[in-house]
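First listed ligand is number 1; within each ligand, the first listed atom is number 1. All values below come from the heavy atoms of this structure, side chains included, with hydrogens, waters and symmetry mates left out.
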Amino acid sequence: MTAAVRIEMALHRAFIFLGPPGAGKGTQSRRFAERCGVPHLSTGDMLRDAVTRGTELGRLARPIMERGELVPDDVVMKMVEERLAGPDCAGGFVFDGFPRTLPQAERLGRVLEKNGFGKPVVVDFEVSPDVLMRRLTGRWTCSVGGEIYNVYDAPPKVPGICDHDGGKLVQRPDDRPEVVKERLVAYERQTKPLAAYYRRQGVLDVVDASAGVEQVSRALEEIVRRVEGRDGRL
Ligand code: AP5
């Protein structure tokens with residue numbers, strides 16, 4: 001994406017994309033971060049990377065992720081706090097799949113305050129359950145750059161190959177139907193309550209994430225423009 005079409009207005013702000021597995025958080029946060037010129041911070045990607053590299057964190061997280069459960073808060077927070085110390089995070093960032101529990105959200109609030117960030121902009125991705133299953137079972141991800149495809153709705157030009165870097169496309173082990181069921185249970189119990197938490201703080205926006213990719217992107221841009229109009233240039 002060229003600099004000319006960047007949104008260029010998300011400076012010094014934390015964005016949080018909330019929503020169930022398969023809602024499109026990864027797809028949108030990658031595009032959004034690129035357009036805003038800020039890092040895309042996916043705790044799922046960080047954990048999968050640790051699993052692939054076989055680090056201590058990866059060995060701890062692997063069985064938990066394979067069951068579709070959440071990795072303990074302290075472990076996730078340590079990982080996130082280390083990442084936020086990176087110089088590329090000084091101008092803002094977009095969280096994908098984090099926070100996922102109330103303790104994570106409360107601790108993040110303190111970290112943001114300590115680092116001089118204002119309140120986050122939180123967007124809840126609302127999607128119907130039948131759409132989620134289609135998205136998860138049809139998802140293929142590039143093993144090199146992480147680009148996300150869907151065999152039904154967003155297929156690659158050549159089956160099994162990434163359009164961007166020619167990487168091999170793979171299916172995530174936790175997209176098996178029995179694990180998806182557990183991930184949805186974890187979402188309902190532990191993550192869904194965060195929407196009410198952020199609504200009480202007056203920072204929650206909702207998008208209809210059942211819509212197409214371009215339409216959801218436009219809805220996110222509208223939210224940024226509205227926040228900019230309300231708070232001044234971000
Ligand atoms: P994580 O990697 O965060 O997975 P998730 O939240 O379950 O979300 P997904 O990545 O499955 O879905 P998505 O919303 O990003 O959808 P996507 O854009 O890919 O977490 C994995 C695991 O790590 C967790 O289960 C847990 O164990 C652990 N973990 C991670 N963070 C943690 C934390 N903070 N605390 C504790 N544990 C943590 O899209 C899905 C599909 O739909 C794709 O095929 C895509 O092409 C397609 N699609 C997307 N948008 C559209 C659209 N608008 N129209 C049509 N198709 C679309």
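Salt-bridge check for Arg199 with Asp124: failed, with every basic side-chain N at 4.0 Å or more from each acidic carboxylate O. Salt bridge Lys78/Glu82: present, at least one basic N to carboxylate O contact under 4.0 Å. Salt-bridge annotation for Asp153 and Arg134: present, with a side-chain N of the basic residue lying under 4.0 Å from a carboxylate O of the acidic one.
Using a 4.0 Å heavy-atom cutoff, Ala61 is absent from the residues neighbouring ligand 1. Under the 4.0 angstrom criterion for non-hydrogen atoms, Ala186 is not in contact with ligand 1. Taking 4.0 Å as the cut-off, Val213 counts as a neighbour of ligand 1 on heavy-atom distance. Residue-ligand proximity: Pro99 is placed with every non-hydrogen atom at 4.0 Å or more from ligand 1. Taking a 4.0 Å cut-off on heavy atoms, Leu136 registers as neighbouring ligand 1. At a 4.0 Å cut-off, not a single heavy atom of Gly19 sits close enough to ligand 1 to count as contact.
When each atom of ligand 1 is checked for a heavy atom of Arg48 under 4.0 Å away, the hits are 2 (O), 21 (C).
The protein atom (non-hydrogen) at minimum distance from atom 15 (O) of ligand 1 is Gly26 N, 2.8 Å. Among protein heavy atoms, atom 27 (O) of ligand 1 sits closest to Glu69 O, 2.5 Å. When only non-hydrogen protein atoms are considered, atom 20 (O) of ligand 1 lies nearest to Arg100 NH2, 3.3 Å. The closest protein non-hydrogen atom to atom 31 (N) of ligand 1 is Thr43 OG1, 2.7 Å. The shortest contact between atom 12 (O) of ligand 1 and any protein heavy atom is with Gly22 N, 2.8 Å.
A donor-acceptor pair under 3.5 Å links the side-chain atoms of Arg176 to the main chain of Pro173, judged by distance alone.
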For this session: Determine, stepwise, if the pair Gln28 / Ser217 fulfils side chain to side chain donor-acceptor pair (under 3.5 Å).
Result: CA-CA 7 Å; Gln28 293 297 337; Ser217 288; 2.8 Å; yes
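Ile223 contributes atom CD1, which lies 11.5 Å from atom CZ of Arg225 (distance to the nearest 0.5 angstrom).
Relative ring orientation between Phe15 and Phe32 is described as perpendicular, the plane-to-plane angle rising above 60° on a 0-90° scale split at 30° and 60°.
Residue nearest to atom 40 (C) of ligand 1, selected from Met77, Gln215, Arg172, Arg139: Arg139 (by heavy-atom distance).
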